[in-house]
Colleague: 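Take a look at the following structure, please.
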Number of protein chains: 2
Amino acid sequence: MTRPTMEDVALRAGVSRALVSLVMRGSPKVSDLRRSAVLKAAEELGYSPHAMARSLASRTSTVLGVMVSDLHNAFFAEVVDGIDAVAREQGFDIIINTGGRSPSRERRALDSLQSFRPAGLILLSPVVPANAIAKAAEQLPIVLVARSSRVTNVDTVNDDGEQGLGLAVEHLVSLGHKRIAHLDGGEGSQAGPRRRGYLAAMERYGLEPQVVPSEYTDTGGARAIRQLLDAGDLPTALLSCNDFNAVGAISALEDAGLRVPDDVSVVGYDNTSLAALRHVSLTTIDQPRAEFGRLAAEALLQRVRGERTEPVRHLLHPSLVVRSTTAPPGGKQ
Amino acid sequence: MTRPTMEDVALRAGVSRALVSLVMRGSPKVSDLRRSAVLKAAEELGYSPHAMARSLASRTSTVLGVMVSDLHNAFFAEVVDGIDAVAREQGFDIIINTGGRSPSRERRALDSLQSFRPAGLILLSPVVPANAIAKAAEQLPIVLVARSSRVTNVDTVNDDGEQGLGLAVEHLVSLGHKRIAHLDGGEGSQAGPRRRGYLAAMERYGLEPQVVPSEYTDTGGARAIRQLLDAGDLPTALLSCNDFNAVGAISALEDAGLRVPDDVSVVGYDNTSLAALRHVSLTTIDQPRAEFGRLAAEALLQRVRGERTEPVRHLLHPSLVVRSTTAPPGGKQ
DNA sequence: TTGTATGCGTTATCAA
DNA sequence: TTGATAACGCATACAA
């Protein structure tokens, strides 16, 4: 059960440890004969280099740590895909840990990740306080995704939520809607920019804004709708803070005998796999998630290599995905 | 940017490295005075122990590796929650890596995980060939979740898919259904037991089975329904191989002007968060996911501690979750 | 209660 | 091209 070491491989191949080390690192200064002998011995023994020992001895790391705030959310999975692609391409490994949306657990995850002395850290929508991030950033390069920061030694990658809601308003206005409400994400991450984008766009079109307090869940969306119905104050179109909220809102509308999009149009945000389901077919705003991941990894690697010390603030363009939950008001075509 | 070491802490606290080491490991044989001095110095320096160096020196590891075959699937997130709870409780850290459902990428993830020399590995629904698993199992303890194995040095945690489909058939029969078809998962993981459970249950009730080839996706479910419709051969109830498939099937049924559950009842499998959405409200079979994780972590830690060498094969009981997609046939109450 | 060797698996630096 | 030797950061005796 004890794993073989370089020593074992060297012994079996009849060479020195140093030679094995060279072969493992792909050095060109080894004869083909010896190289294949070493490789063969390693294969037979099931040997693979000990990352920790290697990192210790070389004083470098080829590991990037990724903290995913919520593993349950498929949004992050696609970001990780982007990170993974770039990291692998550049010879880095990633290790993932999760914070479960709890600040304390997230802090533990951060410590755990750091205990491996990775070359850098990417935090996906972290909920820990800003000073915890700033402190970590003193020790190693850090990139934030879906969370902003003003600390000068951390890079950020976000989507332009203001623009996203602007697109949504524009879409509804072009369909002929005038009464457009926003189901607000409250304290949720990025809820602020989305709200601001909504308000700004409504003003641009000279329309009266209506912000309904809600949250990033389907039950939250349903609750907001019931409030609107009770108040007898239903608009012709709804802009949800995210897809889950939109789906909950649609359910509540249908429960009340209303039809989407005939009676009310609904737009989500995020373009999760949920929105794409035929059964749901939600008009929504797409964020370029894999691009988030790629840009984050690239920014991090630039820091790791010391190629840059100035912070970068990526603000990506969201895009509108029209599906089946939006139509002209009043069911007219 | 270079992280402090024990040496730095010792220097600042005015003690020896060894003392710092004792404090870090929580040894009781240190005076309170010195302990707090060390802790203070560590805090000020932002020091935390170097996991790799520690593991190297102690010849032990407090890390469990977790390979998640598909980060996009929330199913695994809940399993990870269970693993994480047990691991943390017993003083272990976890590191996660993902295989993206691709055997080659998964193999890379396995190698990467192993390069950290974790105490053990938990593989969630891996798609790598069995011999790759067997080979890895020679080097360290391995537990499989949602995949079976006959290798004697790996433990497995699965749900009893036969029983699960038995429950579903029983439910439909009790509602009065006689024509019950199974949308089969094909080569997918656990599709076999589910199919067998279906066939066995149908036989128990003296009903004619109907297995429709399909797959674990919503488009697969929709396609299967269109086939049935084209053949003019629609049963009164459908048992999907999983929730995604069920949702796709429901969409296709509704597209064809049929109503669920009035015209056709549909049952899913997995009880994903999707099924729980009010908008979907799918009757389905629940697997105790967090329990999967807890049992897997416990099994692994038993091996790690050398408390057990016999393999354990957990087969957990699934349960029926009745929601709104099943009703008596013909819409009668 | 504290300090001092020794070694963990590997890389890096020299000599040979 | 190869083989010794000293780090790397830490834990573990053991001695003081």
Colleague: To the nearest Å, how far apart are B/Arg54 CZ and C/dG9 P?
Modeller: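 Rounded to the whole Å, the gap is 18 Å.
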Colleague: If you measure from CG on A/Asn73 to OG on B/Ser273, what distance do you get to the nearest 0.5 Å?
Modeller: 9.5 Å
Colleague: Rounding to an integer number of Å, can you tell me how far B/Leu22 CG sits from C/dT1 P?
Modeller: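 Roughly 11 Å, once rounded to whole Å.
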Colleague: Name the stems that DNA chain D belongs to, where each is three or more consecutive Watson-Crick or G-U pairs with both distances under 3.5 Å?
Modeller: C:1-16 with D:1-16
Colleague: Name the residue closer to the 5' end of DNA chain D, choosing between A/Ser31 and A/Arg17 according to the nucleotide with the nearest heavy atom.
Modeller: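 Comparing both residues, the 5'-ward one is A/Ser31.
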Colleague: Could you state the CZ-C1' distance from B/Arg59 to C/dG9, rounded to the nearest angstrom?
Modeller: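 Interatomic distance, CZ of B/Arg59 to C1' of C/dG9: 11 Å.
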Colleague: Starting the side chain at C-beta, find the nucleotide from D/dT2, D/dA11, C/dA12 nearest to B/Ala57.
Modeller: D/dA11
Colleague: Mind listing the residues from residues 32-47 of chain A sitting with a heavy atom below 4.0 Å of DNA chain D? Number order is fine.
Modeller: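 Only A/Arg34 qualify.
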Colleague: Check residues 116-134 of chain A and write down every donor-acceptor pair under 3.5 Å in which the side-chain atom is one partner and the other belongs to a residue at least two apart or another chain.
Modeller:
from: A/Arg117; atom 1: NH1; to: A/Gln114; atom 2: O; distance (Å): 3.1
from: A/Arg117; atom 1: NH2; to: B/Ser48; atom 2: O; distance (Å): 2.6
from: A/Ser125; atom 1: OG; to: A/Arg101; atom 2: NH2; distance (Å): 3.4

Colleague: So which nucleotide from D/dT2, D/dA11, C/dC8 ends up closest to the side chain of B/Met6?
Modeller: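 Given the options D/dT2, D/dA11, C/dC8, the side chain of B/Met6 is closest to D/dA11.
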Colleague: Are B/Arg294 and B/Glu291 within salt-bridge range, i.e. N to O under 4.0 Å?
Modeller: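 Looking at B/Arg294 and B/Glu291, the cut-off is met.
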Colleague: Are B/Arg108 and B/Ser112 close enough that a side-chain donor and a side-chain acceptor fall under 3.5 Å?
Modeller: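 The answer is no; no qualifying pair exists.
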Colleague: For A/Leu19 and C/dT10, what is the distance between atoms CG and P respectively, to the nearest whole Å?
Modeller: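 Rounded to whole Å, this separation is 15 Å.
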Colleague: Could you state the CE-P distance from B/Met24 to C/dT2, rounded to the nearest angstrom?
Modeller: 15 Å
Colleague: I'd like to check A/Ser148 versus A/Arg313 (side-chain heavy atoms, cut-off strictly below 4.5 Å). Are they in contact?
Modeller: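 Contact flag for A/Ser148/A/Arg313 side chains = no.
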Colleague: For B/Arg35 versus B/Val30, what's the shortest heavy-atom pair and its separation?
Modeller: NH2-O, 3.7 Å
Colleague: Take B/Ala53 and B/Ala18, find for each the nucleotide of DNA chain D with the closest heavy atom, and name the residue whose nucleotide sits nearer the 5' end.
Modeller: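 Residue closer to the 5' terminus by nearest nucleotide: B/Ala53.
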Colleague: Figure out the CE/P separation between B/Met52 and C/dG7, and round it to whole Å.
Modeller: 23 Å
Colleague: Any idea which of D/dT2, C/dC8, C/dG9 is nearest the A/Thr5 side chain?
Modeller: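 Closest of the options to the side chain of A/Thr5: C/dG9.
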